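Encoded as structure tokens, the structure appears first; notes follow it.
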Amino acid sequence: MRAGTRRWLTAAVAGGVVVLGAASPAYAADGETADTYATVVDGSGRPTYVEVEAPTVAQEIRKAESLPGSVGAAVETPVRIAGTAADDPLRFLQWDNDALRLDDITPRPAVAGQLVAVIDTGVSPAEEDWAAGQVRCDLGTDVVGDAYAAASGGTGCVDPHGHGTHVAGTIGAVAGNGIGMAGVAGGVQIMPVRALDATGSGGDVDIARGIVWAVDHGATVINMSIGGPRSGAYDAAVAYAVDHRVPVVVANGNNRLDGDAPQWPASVPGVFAVAATESGGGSASYSNSSGTALIAAPGSRILSMDVKHTTPGTPYVYMSGTSMASPHVAAVAALWLAAHPGGTVEQLRGALIATATDLGAAGFDNLYGYGLVNPYELLTPAPAPVVAEPAPVVSEPAPVVSEPAPVVEEPAPAPSLVAPAAPGSVRVLAQTEALRVSWDAVAATSTAPVEGYRLYRNGVLRATLAGTSFTDRVDGGVAYTYAVEAYGAGGTSGQVSAVGTARWAPARLSVNRTAVLKKGRIVVRGTSLRPGSTVVVRETYAYRKATRTVVLAVVRVSGGDDVSFTVLPAQGARTGTLSLQAVDHGGRVIRVSRAIRVG
């Protein structure tokens, strides 16, 4: 990869940690080989079970479902006397599991067919709370390419930082084994995809490659507890995952107190962005509130595995951040998919929204999204309906009543309500790094009331509105599809769509003034420059009857927003020319020259 083409990301942890004191066979959660069968039912309803083989359980399930006559796949699951999460000695310290009522979910969906990819700093398979073979080193990868990658054979089964193992522990640490803590989807298989280095940093393109790797190697859920500046590298990779029925769960970002700008990949269409809550249920002070979160989950003081074993004999540690919230939702997604084989990403999204515990302002809000994830409501089967016994037959004749029955005037039936009409048209007006979407108001009637409108961007709900317009901040030069529907008490109208592409902000370069004092500094500013490009500042001046040009600064643009820095001109009383060069979003070279006088 060429220098300057990477956008660096960091693991999304808020603050520090708090110390607690040729493929191989598919494997079940306990590390033994898992057999997958297609359930084939004949005309009489008699089932038979046909064993299938593939490199991973997820691929075996898809193969079993595709066999002629198959009505579904069954993964052989080991059965033993059931332990409970209460058997784990540190379970009482996990307030997050209590808040989500995980121990009340009975029966808990079996997770033998689920494989959660953790795209992070790697995962250590040596921790005591994993089952044998649970961390799938045979399916993992390492795209960092450093000495740690070489030491693990490029499998991702090494974690010099600790963040990835902590995240993975929240997802899948074995529950009820009498060791350590209890993961949300205890025993689920973990695919390590190491894309962040020992400092917790990495590149957006490497992360995108990790997504594609995870999908291609059988992951059923992807977790990314990472955050960084705006990037278009993720869009195609996330779309690839969604098209293959793999939900992508990401941390929403920890920068509320540092500008609160939207983070990527949390802002990518199609992801499940997760905000963080405190133990009391309130929004964590660091959790991004720019409006990109779909849902919230516990994120502060979360106990999980400590790969560094900071406290001897106690290989567990507290961490805080939206990084810690995201794996809760990823694990819940794995449980839901285990209970709903063949479920789609959008069905999962709808189920999470419908069962979330509303927090903050009613409905969607920027702090919690649609509310706190509620696995108990999501996964607990509804009780069977009560069937009333028929009334006993009375053989005695009814008494004769001589008085005429009173006349009861029946009220006129209320008119049946129907869905409102669809908006007449949707218009998308291109603006500078924004799109203004507007549509025709739908006339309400007595039978088709209109309560408001729902706006979707690339198929994902973006806003619920009472008015008929919305300005959406988006990347310039990227096409977005918008759909609008009207809704009311009688239902929801059809959707009307339109596509728009925002303009890039015009690039500019400027200096503060054309004359500076000796040893003075010149302030250089630029706007909307291409991320990864550089601003080059040169000074040309006469020296002993010769013209000399020196490079004063080469500054890399890390984001698409304003860049401002200072340069120190060459010394000596003279006049000269200051020239600046940079590249804008459209690839055009921008040059500016200014005469300066030093001294």
Side-chain angles (χ1 to χ4, degrees), residues 10-21 85 87-100 102 116 118-131 134-135 148 156-188 190 192 194 196-201 223-227 251 254 274 276-280 284-287 297-331:
T10 57
V13 184
V17 298
V18 182
V19 179
L20 173 66
D87 296 332
D88 298 326
L90 300 181
R91 167 62 185 85
F92 76 99
L93 296 175
Q94 294 181 267
W95 71 267
D96 46 329
N97 287 19
D98 294 333
L100 302 184
L102 293 175
V116 182
V118 177
I119 301 179
D120 212 290
T121 61
V123 178
S124 167
E127 304 311 304
E128 64 179 11
D129 217 348
W130 297 126
Q134 183 181 353
V135 180
Y148 295 102
C157 278
V158 63
D159 186 3
H161 185 281
H163 184 268
T165 304
H166 192 281
V167 166
T170 296
I171 295 171
V174 178
N177 61 349
I179 299 173
M181 33 95 56
V184 175
V188 72
I190 301 294
R194 184 170 177 257
L196 304 179
D197 62 18
T199 69
S201 299
N223 184 85
M224 298 194 300
S225 292
I226 58 177
N254 301 327
V274 186
T277 63
E278 305 278 1
S279 59
S285 61
Y286 51 80
S287 183
S300 293
R301 286 186 61 82
I302 303 302
L303 181 75
S304 189
M305 299 179 184
D306 178 19
V307 69
K308 297 182 178 180
H309 294 198
T310 311
T311 301
T314 310
Y316 301 91
V317 71
Y318 288 109
M319 288 188 182
S320 295
T322 55
S323 275
M324 284 61 254
S326 178
H328 288 86
V329 176

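For clarity, every value in this text was computed on a predicted model and none was experimentally measured.
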Say you draw a straight line from OH of Tyr286 to OG1 of Thr322; how long is it, rounded to the nearest 0.5 Å?
-> 7.0 Å

Without swapping roles, check the side chain of Gln134 against the backbone of Val188 for a donor-acceptor pair under 3.5 Å.
-> yes

Closest approach of Pro125 and Trp130, non-hydrogen atoms and distance?
-> O-CD1, 3.6 Å

Kindly give the heavy-atom pair with the smallest separation between Met305 and Val317, and that separation in Å.
-> O-CG1, 4.1 Å

How long is the span from the NE2 atom in His166 to the CG atom in Leu303, to the nearest 0.5 Å?
-> 6.5 Å

At their closest point, which heavy atom of Gly164 faces which heavy atom of Val123, and how far apart are they?
-> O-CG2, 4.1 Å

Does Trp95 use its side chain to pair, donor to acceptor, with the backbone of Ser300 at less than 3.5 Å?
-> yes

Taking the side chain as every heavy atom from C-beta outward, state whether Ile179 and Val174 have any atom pair closer than 4.5 Å.
-> no

How far does NE2 of His328 sit from CG of Asp96, to the nearest 0.5 angstrom?
-> 3.5 Å

Measure the spacing between OG of Ser323 and NE2 of His163 and express it to the nearest 0.5 Å.
-> 3.0 Å

Closest heavy-atom contact between Gly178 and Asp88?
-> N-OD1, 3.0 Å

Between Ala173 and Met181, the two heavy atoms sitting closest are CB-SD, 3.4 Å

Minimum heavy-atom distance Asn223-Ala330, with the two atoms named = OD1-CB, 3.6 Å

Hey, what do you get for OG (Ser225) to CE (Met319), rounding to the nearest 0.5 Å?
-> 11.0 Å

Nearest 0.5 Å please: distance from the CZ atom of Arg301 over to the CE atom of Met324.
-> 13.5 Å

Under 3.5 Å: donor-acceptor pair, side chain of Asp120, backbone of Leu196 | no

Is there a side-chain contact between Ile226 and Ile119, using heavy atoms and a 4.5 Å cut-off?
-> no

Look at Asp159 together with Lys308 and state whether they make a salt bridge at an N to O cut-off of under 4.0 Å.
-> no

Would you say the side chain of Ser326 lies within less than 4.5 Å of the side chain of Val167, judging by non-hydrogen atoms?
-> no

Could you tell me whether the side chain of Tyr316 reaches within less than 4.5 Å of the side chain of Glu127, counting heavy atoms only?
-> no

